[in-house]
Amino acid sequence: MLGMPRLPRSFFARPTLTVARELLGQRLVRLAGRRLSGLIIETEAYIGQTDLACHARFGRTPRTEVLFGAPGHAYVYFTYGMHWMLNVVTEPAGFPAAVLIRAIVPVEGEVVMRARRRAGAASAGRRPVPPARLTDGPAKLAQALGIDGSLNGHDLCARGARLFVERAPPMADQLVEVGPRIGLNNTPEPWKSVAWNFRTHIIEGA
DNA sequence: CGCCAGATCCACT
DNA sequence: GTGGATCTGGCGG
């Protein structure tokens, strides 16, 4: 459990679609008080200034500085007035691209994740939430893992990192579904429909 | 289960 | 001023 190697910077320095695909099945780890982790089951690629859904489409700005930086760093941004999104910067420095982590399945620290989710969401009388449902959206997993703007620019490959990805068995092609990215309602074609979303629903059963 | 409205604030043309 | 890489609760089938 604790001995698995972390994904090195060379993993993230590759083409974004490759990184997005290969992140499936890998273990996202967050050290926050205790160790929290989950297997990545959905990712999405945002690639360069020509991708009109990518935040870097307007070029270098204070917000996109991290995207233009070195691979293996977290790009965390705030949206919809209340949600944080976790991305991992890809490709060599100078080329703005990243992979959005859209969903994980809790492995360690489910109790803590549940508590963090409850703290942020209004909870009246409701049925128990299945583990996989705690982190099945980008804003939900960020909240469950305690990820916010303070982690923007965090180096996932640095010694002492409090957020990183550990190596796990690769996911077979037959378990991977490829489709269009989610939530790009106002993005022009072809960017709105390109199949840059990668996911699996196999792990959710466990 | 699907559809819809509302929440709430930041970055940008 | 506008719209967003979202989530939730409420309502209808």
Under 3.5 Å, which N/O atoms of the protein pair with N/O atoms of nucleotides 11-13 of chain B?
| from | atom 1 | to | atom 2 | distance (Å) |
| --- | --- | --- | --- | --- |
| dC12(B) | OP1 | T61(A) | OG1 | 2.2 |

Check nucleotides 2-6 of chain B against the protein and report each pair of N or O atoms closer than 3.5 Å, with its distance, or say if there are none.
none

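Placement of I182(A) and L17(A) in two distinct hydrophobic clusters is found when ILVMFWY residues are connected by side-chain heavy-atom separations under 4.5 Å, directly or transitively. F78(A) and L163(A) fall within a single hydrophobic cluster, where Ile, Leu, Val, Met, Phe, Trp and Tyr are joined by side-chain heavy atoms under 4.5 Å apart, directly or via other members.
Looking at heavy-atom distances under 4.0 Å, A139(A) makes contact with sugar-phosphate atoms alone, never a base.
Within 6.0 Å of atom CZ in R60(A), more than 12 heavy atoms from other residues, nucleotides or ligands are found, so the atom counts as buried in its surroundings.
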> Which dot-bracket string fits DNA chain B when only Watson-Crick or G-U wobble pairs with both atom distances under 3.5 Å count, crossing pairs get [ ], and | stands for a partner on a different strand?
Replying inline: |||||||.||||.

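The shortest heavy-atom contact between R57(A) and D51(A) is CB-O, 3.8 Å. The two residues P8(A) and R167(A) have their closest heavy-atom pair at CD-NH2, 4.1 Å. The two residues R6(A) and A158(A) come nearest to each other via the heavy atoms NH1-O, 3.7 Å.
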> Going through the distances and angles, do E44(A) and R199(A) end up as a salt bridge (Lys or Arg N to Asp or Glu O under 4.0 Å)?
Replying inline: CA-CA 9 Å; E44(A) 218 160 68; R199(A) 68 191 180 97; over 6 Å; no

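Between R35(A) and E166(A) there is a salt bridge, since a side-chain N of the basic residue sits under 4.0 Å from a carboxylate O of the acidic one.
Other residues sharing the hydrophobic cluster of Y46(A), ordered by chain and number and joined by side-chain separations under 4.5 Å: V66(A), L67(A), Y75(A), Y77(A), M85(A), V89(A), L100(A), L184(A).
Near-neighbour residues of DNA chain C inside residues 82-103 of chain A, defined by a heavy atom below 4.0 Å, number-ordered: H83(A), M85(A), N87(A), L100(A), R102(A). Residues from residues 176-197 of chain A with heavy atoms under 4.0 angstrom of DNA chain B: there are none.
Stacking of the aromatic ring of Y46(A) onto the base of dA5(C) is found: the ring centres lie under 5.5 Å apart and the planes are inclined by under 30°.
Between the CZ atom of R118(A) and the C1' atom of dC7(C) there is a distance of 17 Å, rounded to whole Å.
Nearest to the side chain of K140(A), among dC10(B), dA5(C), dC7(C), sits dC7(C).
With hydrogens and angles ignored, no donor-acceptor pair closer than 3.5 Å exists between the side chain of Y80(A) and the base of dA5(C).
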